[in-house]
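Taking it in order: structure first as structure tokens, then the write-up.
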Amino acid sequence: MSDIHIHVEHLTRVEGHGNIVLNARNGTIEQVQWQVSEAPRFFESFVRGRPWHQLSHITSRICGICSIGHALASLKATEAAFGVAVSEQTAVLRRLALHAENLQSHILHVGYLVAPDLLGVGSVFPLLQSHPDAVRKIVRLHRLANEMSDLLCGRTTHPITLVPGGFSAIPSAKQLKEIRQRLLDAVPVTNDIAQLVLDCAGALPAFARETEFIALVDDDEYALYDGMIGSTDGGRFPVADYASVANEFVVPHSTAKFTRHRRASYMVGALARFNLSAARLRPMARQWAEKFGLRPVCHNPFMNNVAQLVEFVHSLEDSVYWIDYLLKRGLDTAEAPAKFKARAGRGVGAVEVPRGILFHDYTYDHDGTCERANCVIPTNQNHNNINQDLAAFAPTLLQKPEKEIERSLEMLVRAYDPCISCSTHLLTVRFVR
Amino acid sequence: MPPERAGGRQPETPQGMGGVPLTRAVGSPRPDSPEGWLAMKILTRTDFHAFVNALIRDSGMEVEGVKAKGLKYAFGPLETAEDLRLDYDVTILPPKKYFLPQYETMMTFDLANPFAARQPDFPARRVLIGVHPYDIAALRQMDSYFLDTEMSAAYLKRRKNTLIVGSDVLSVPERAFFGCMGTGTVPSGFDLFLTDLGEKVAIEIGSEEGARLLRFAAGLREATPVDVQKVKALRASAASKAMRGLKVRPQGWHDLLEKNFDSPVWSEQSARCLGCGTCTLVCPTCFCYDVQDDINLDLRTGERRRTWDGCLLRQFTEVGSGEVFREDITDRYRHRFHRKGRYLPDRLGFVACVGCGRCGMQCIADAADPVLLINRLFDVSPHLVEESVMDPQTVRTDLREIASPEEVRPLHLPSPATVVRVETLTDRERLFEIALDNGRPLGHAPGQFVEVSLFGTGEAPISVASHPGGPTFELVVRRVGDVTTRMHALKAGDKVGIRGPFGRGFDVHALKGRNLLFIGGGLGLAPMRSLINHVLACRDDFGEVSILYGCREPREVLFRDEVAAWAKRPDLQHKKTVDRCPNDVPWDGEVGVITTLIPRIRFDPRGTVAIIVGPPIMYRFVIRDLLKLGMPERNIIVSLERRMKCGVGTCGHCQIHGICVCKEGPVFNYADIKDLPEAFA
Amino acid sequence: MKPRIAFFDFASCEGCQLQVANLEETLLDVLRLVDVVSFREVMKEHADDYDIAVVEGSIARPMDEERIRAIRARAKLLIALGACAHLGGVQRLGNRWTPEQNKKAVYDGADGNDIGDNNPFFEKPRHRALDEVVKVDVVIPGCPVNRDELARVLVALLTGRRPPIPDYPLCVECKKKENVCLFTIGKVCMGPVTRAGCGAACPTYGNECEACRGFISHPHADAQIDVLRKHGLTPEEILSRQTLFTARHLEQQGKVS
């Protein structure tokens with residue numbers, strides 16, 4: 001067997017900069033490396049000294065795609081530190097905001113970043129010629145998600161209305177009714193896209209490696225906004241104890257913080273959520289999972305793409321549910337954020353963002369200035385798992401042509417939908433056998 | 001202690017300081033109403049709600065009124081009568097937004113065929129409910145203003161399409177002083193007028209349209225003397241609360257401001273001004289606007305849009321070359337008050353302020369409140385303030401009674417024209433010979449300018465550089481910004497839009513028989529050339545002629561051949577100079593600033609008229625030297641540049657104090673403007 | 001021939017590039033006007049010859065400096081997209097500590113492991129705006145950029161006009177929208193010194209403007225400070241608002257280092 005040298009520099013169709021390196025000699029892998037070359041920005045350092053009302057605005061800038069999720073995790077951490085309870089209306093509106101983000105992120109990933117792989121092209125641009133109708137539908141769904149974010153948060157990227165204690169502006173009942181109708185109108189379009197993905201799902205490799213899955217869980221709903229930390233290996237942990245689960249540690253020759261719970265690594269994200277909460281999916285979402293043959297517990301990371309599609313459908317349905325709830329209960333558009341006083345304290349907030357469970361942990365001093373912060377990003381938690389997967393997957397590919405190996409490795413990393421700028425840390429791992 | 005008044009009678013009651021009584025006796029004869037009487041009707045509150053709901057449901061008109069907006073109020077569409085808040089103090093924005101919208105599409109065009117530009121449709125009929133008297137007074141001021149300038153069909157149509165249902169002030173705005181401004185009540189300008197008396201609503205009929213509107217109301221009864229009394233009391237109370245201790249009544253503002261133009265109060269008060277433009281944007285009597293072009297993503301279709309502008313913004317007086325004529329915040333801050341208290345009163349006869357208090361309330365820095373400013377000026381200059389005889393309420397104009405939109409020519413639509421010839425004069429300047437497509441001559445006077453319109457990019461004011469007569473005219477264009485850059489890419493056969501000619505040019509008739517001294521600097525030669533060539537074409541009609549021309553460097557000289565020809569003519573004196581000449585460049589003229597040429601020619605300063613056009617810096621020195629030689633001020637004629645946009649005196653950008661350069665200039669007699677500090681800054 | 005356009009990102013959240021995708025159907029119109037030859041986030045293909053480079057993100061390390069210089073050399077026109085490229089972004093706040101201090105704060109408990117000493121990706125990070133390293137032709141400000149403004153700038157560039165980015169304060173847009181001014185309801189806002197063009201997005205939704213678009217070219221800074229003081233802010237609170245996005249302006253004025 002010949003030597004193989006693969007160096008994918010600045011992997012495309014992922015958020016952020018990362019490299020894949022594979023060196024094999026005579027059928028033996030010498031080096032499989034997932035390098036993240038993103039410049040560090042050190043959020044956890046420079047939020048020190050900032051006043052509490054700027055924290056969520058700063059930390060939303062960790063990521064452009066899941067900025068709503070970061071903002072919410074940040075707000076929950078601040079609220080936990082100051083002992084603030086939000087109203088039921090706020091909790092519902094925040095769920096809707098998270099759904100809007102999930103819709104936006106998942107359709108972007110599946111439609112723009114993954115579909116080209118499934119259809120054998122380099123980007124979404126050629127699809128404009130070959131599948132113009134499908135592209136238009138994807139664009140339409142993406143726009144709907146963005147408009148829902150605009151309505152609830154003022155903006156998709158770096159939300160405006162999310163503030164400690166509640167919302168600075170609330171949409172009217174009329175506007176909620178309108179978006180609700182548009183969500184319903186999007187169902188047939190969504191089904192078309194899901195069918196399209198199903199039709200080419202055969203291109204997803206059938207690879208599996210047993211690993212642990214971690215996500216927020218709740219008895220009553222498919223948890224995104226609230227819950228306890230759950231694991232496919234069993235157990236439930238309060239969010240405040242996240243450190244004992246995430247177990248961030250530094251390894252030699254790595255500048256990324258790894259996480260490890262009971263096994264060498266664990267996975268977070270849509271697949272993890274599905275594996276833990278499939279029973280609480282809404283009906284249409286469950287039907288689509290069935291059509292794809294997706295059942296818990298699934299250990300094929302490529303099926304994370306499918307899980308995202310299933311979650312897209314779920315978010316559509318669940319949004320309609322919660323809007324109906326608000327309209328029936330009565331919406332108070334003048335409800336001001338809960339009043340509170342800033343004080344010394346520490347709080348942890350966790351939400352599920354599209355790519356997995358996110359923790360923000362803040363310590364404030366007596367006048368509400370941030371003294372310390374720690375953020376555990378989903379993609380950080382996945383880095384270790386990605387490496388383990390690469391190490392297990394690469395050997396199975398060695399017989400194939402180099403171009404195909406390269407493509408398969410790329411697809412693996414992409415399946416995680418990594419958000420590399422989010423993860424703000426760097427990683428170099430060498431596996432030498 | 002009330003200020004001394006020169007003339008003017010002392011008021012007897014605390015109603016106010018004006019000669020106009022603040023409460024008009026309801027039922028007494030009104031000068032404007034056709035019947036001479038205003039009938040007052042009464043509706044119960046319930047019936048009033050039903051009336052408003054009927055309007056919303058059945059009238060077929062857009063029904064807009066005052067609604068709550070967070071903790072404040074704003075005019076907006078009414079969905080039910082419950083939305084209407086007649087108890088409001090003041091709206092964030094005045095009703096001017098309905099007649100001069102924040103953003104207004106003036107025309108849409110397709111670059112493939114731009115002159116088929118479409119003017120947008122106008123709004124359907126609508127009714128505004130809850131307009132306070134001071135805002136009605138402001139609308140009439142606005143009418144006066146737009147009547148004075150070239151009438152805008154869009155504005156006129158909006159006014160005619162909108163019914164005004166006024167209402168009395170129940171809750172006096174915190175910073176309002178309409179009690180002093182005579183705008184607490186208005187004699188007319190409304191179709192109906194409401195007074196909310198709690199369980200009842202009183203309605204006065206102000207026009208036939210208003211009377212017809214009442215067909216949607218059921219349960220109307222005549223007002224009793226008790227009702228009338230309640231209305232009177234309410235009005236007196238509101239007016240008396242809206243005084244705020246203003247120390248100088250509007251009749252005295254003109255004198256107060258004029259005497260205090262150089263007062264340190266201006267820089268003292270403007271130190272905290274943020275230059276944010278809020279005061280002018282929320283003001284019901286501010287009408288300045290900007291015009292911008294936008295192209296759509298198809299790179300073909302686009303629109304020309306009008307949007308609110310304000311003199312407090314730094315860019316308001318910025319021209320293409322980057323020069324800003326009111327750079328200092330003190331100048332801008334002072335200008336606003338002078339425009340309202342001096343320049344517009346000079347022009348139109350009323351103080352352009354209705355005492356609504358919006359600027360005072362919304363100015364973040366609390367620098368805009370006229371009461372504070374006027375009182376401060378008075379405090380530092382408590383000498384006698386002379387009052388003019390002007391009555392703040394002289395505005396009788398109601399545009400709805402005047403003209404029809406169809407009679408008004410489309411103000412901002414350019415005429416199609418074709419580039420006949422392009423000549424490169426320097427590396428920055430080109431000459432364009434242009435012919436109007438309708439075959440007619442431009443019909444300009446020397447010194448006038450046109451607005452050159454390039455759809456999708458915008459408009460630029462360019463002086464006409466050729467003398468009148470002939471089927472074509474010439475423009476010299478210096479490439480400084482977007483429009484001029486695009487012009488420079490034009491070739492013969494390309495189309496442009498032309499509006500104009502605008503402005504006051506040189507008074508050729510008055511110059512006949514006089515001795516003339518032309519002093520041109522740089523690009524200033526272009527407009528001057530229109531007069532020079534006219535003079536040279538009729539040489540015998542004029543006396544001695546001298547032409548002095550200066551540029552920065554030889555390569556900037558315009559019209560080289562013509563300039564060379566002047567040197568050869570025996571019937572005129574000519575000298576040219578450059579500020580500096582690089583070593584290897586041939587130059588057969590003088591070197592030195594243009595003032596060095598003046599002693600080099602023979603002329604009689606007392607018997608010669610000087611015509612000066614050049615960069616702003618040049619005027620001060622040239623004029624100083626001419627005056628030193630004994631030239632009378634009245635013999636000096638200048639042409640000044642400012643930011644010209646509309647060309648017809650409406651948009652406000654080109655003002656030098658109260659003078660509109662585009663209408664009263666760009667050619668001025670120095671004697672008329674010599675005391676204007678802004679003219680030769 | 002359509003102009004060739006390439007997108008790049010440095011230290012950023014990629015939110016500004018996302019706004020390109022967020023153009024939705026308008027993006028399809030934009031694609032008819034330009035040829036996108038490189039856009040790592042959405043396509044595999046890449047070409048090194050382009051007319052217009054659109055760059056998001058701040059410049060942190062020597063390797064980033066090298067990369068931006070190479071991009072500048074290849075492009076006829078360089079557009080800085082967003083607050084990171086324009087001003088250095090929020091991450092500029094980290095510049096007040098040394099890279100070692102930052103690393104220690106983030107990798108607390110890393111216990112002597114060579115964090116970054118052997119890792120070239122960690123070399124001397126210190127965040128700067130693009131024009132602190134290369135010449136920039138056009139700046140589209142904002143965090144994130146306003147996608148309509150992005151489209152307008154592209155159209156202007158393609159039709160030979162200067163990018164229509166306002167130089168007047170946010171207040172103008174707020175007033176035209178008839179927003180309730182935050183100052184009139186007991187709050188504060190950086191609008192009076194901040195460059196308009198975002199449609200006053202944050203005040204429209206009840207939040208104070210945080211100056212993410214940078215100051216206008218002639219802000220009345222002292223008057224703004226006075227106003228904030230009158231509204232009860234301490235000097236620290238005022239400074240925290242001035243440094244969040246616009247520390248760069250203060251550095252240029254010599255007010256902070």
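Worth saying up front: this structure is predicted, and the values here are computed from it rather than measured. For the numbers below, each heavy atom of this structure counts, side chains included, while hydrogens, waters and symmetry mates do not. Naming convention: chains lettered A, B, ... in sequence-line order (proteins, then strands); numbering from 1 in each chain.
- Side chain of Thr280(B) to backbone of Gly310(B): no donor-acceptor contact under 3.5 angstrom is found.
- For the options Asp29(C), Asp167(C), Ile185(C), heavy-atom pairs under 4.5 Å to chain B are most numerous at Asp167(C).
- Checked against a 6.0 Å centroid threshold, the rings of Tyr88(B) and His132(B) count as neighbours.
- No part of Arg32(C) comes within reach of chain B, as not one of its non-hydrogen atoms sits under 4.5 angstrom from that chain.
- Put simply, the side chain of His231(C) gets close to the backbone of Val227(C): a donor and an acceptor are under 3.5 Å apart.
- Only the backbone of Ala271(B) comes within contact range of chain C, judged by heavy atoms closer than 4.5 Å.
- The closest side-chain donor-acceptor pair between Asn179(C) and Thr204(C) falls under 3.5 angstrom.
- Atom CD of Glu79(B) sits in a sparse spot, with 12 or fewer heavy atoms from other residues, nucleotides or ligands closer than 6.0 Å.
- In this structure, chain B has heavy atoms under 4.5 Å from both the backbone and the side chain of Val180(C).
- Only the side chain of Glu327(B) comes within less than 4.5 Å of a heavy atom of chain C; its backbone N, CA, C and O stay farther away.
- Only the side chain of Arg314(B) has a heavy atom closer than 4.5 Å to any heavy atom of chain C.
- Neither the backbone nor the side chain of Asp366(B) comes within contact range of chain C, judged by heavy atoms closer than 4.5 Å.
- For Thr159(C), the part lying near chain B is the side chain, with the backbone staying farther off; criterion is any non-hydrogen pair under 4.5 Å.
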Going through the distances and angles, do Phe215(C) and Phe245(C) end up as a ring-ring contact (aromatic ring centres under 6.0 Å, His included)?
-> CA-CA 10 Å; Phe215(C) 297 155; Phe245(C) 283 99; over 10 Å; no
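- For Ile295(B), the parts lying under 4.5 angstrom from a heavy atom of chain C are both the backbone and the side chain.
- Under the side-chain contact (heavy atoms from CB on, under 4.5 Å) rule, Glu149(C) has a single partner from Pro166(C), Pro164(C), Cys198(C), which is Pro166(C).
- When Arg126(B), Glu64(B), Glu62(B) are each tested for a side chain to side chain donor-acceptor pair (under 3.5 Å) with Tyr98(B), only one passes: Glu64(B).
- For the set Arg161(C), Lys175(C), Glu178(C), His220(C), the entry with the most heavy-atom pairs within less than 4.5 Å of chain B is Glu178(C).
- Taking Thr485(B), Thr91(B), Thr307(B) one by one and counting their heavy-atom pairs under 4.5 Å with chain C, the maximum is reached by Thr307(B).
- With Lys67(B) contributing its side chain and Tyr73(B) its backbone, the two residues share no donor-acceptor pair below 3.5 Å.
- Between Phe455(B) and Phe109(B), the ring planes are tilted. Angles from 30° to 60° get that label.
- When the candidates Ile364(B), Thr457(B), Val282(B), Asp309(B) are compared by the number of heavy-atom contacts under 4.5 Å with chain C, Ile364(B) comes out ahead.
- Ranked by heavy-atom pairs shorter than 4.5 Å toward chain B, the options Cys181(C), Cys171(C), Ala196(C), Cys189(C) are led by Cys171(C).
- A donor-acceptor contact shorter than 3.5 Å links the side chain of Glu56(C) to the backbone of Gln17(C).
- Contacts with chain C were tallied for Asp482(B), Asp298(B), Leu313(B); Asp482(B) has the most, counting heavy-atom pairs under 4.5 Å.
- Ranked by heavy-atom pairs shorter than 4.5 Å toward chain C, the options Ala367(B), Cys273(B), Gly70(B) are led by Cys273(B).
- In this structure, chain C has no heavy atom under 4.5 Å from any part of Phe316(B).
- Relative to the ring axis of Phe99(B), Arg158(B) does not place its NZ or CZ within 45° and under 6.0 Å from the centre.
- Interface remark: Leu299(B) contributes side-chain atoms only to the contact with chain C (heavy atom separation under 4.5 Å).
- Residue Tyr168(C) touches chain B through both its backbone and its side chain, counting heavy-atom pairs closer than 4.5 Å.
- The contact between Leu93(B) and chain C is made by backbone and side chain atoms together, counting heavy-atom distances below 4.5 Å.
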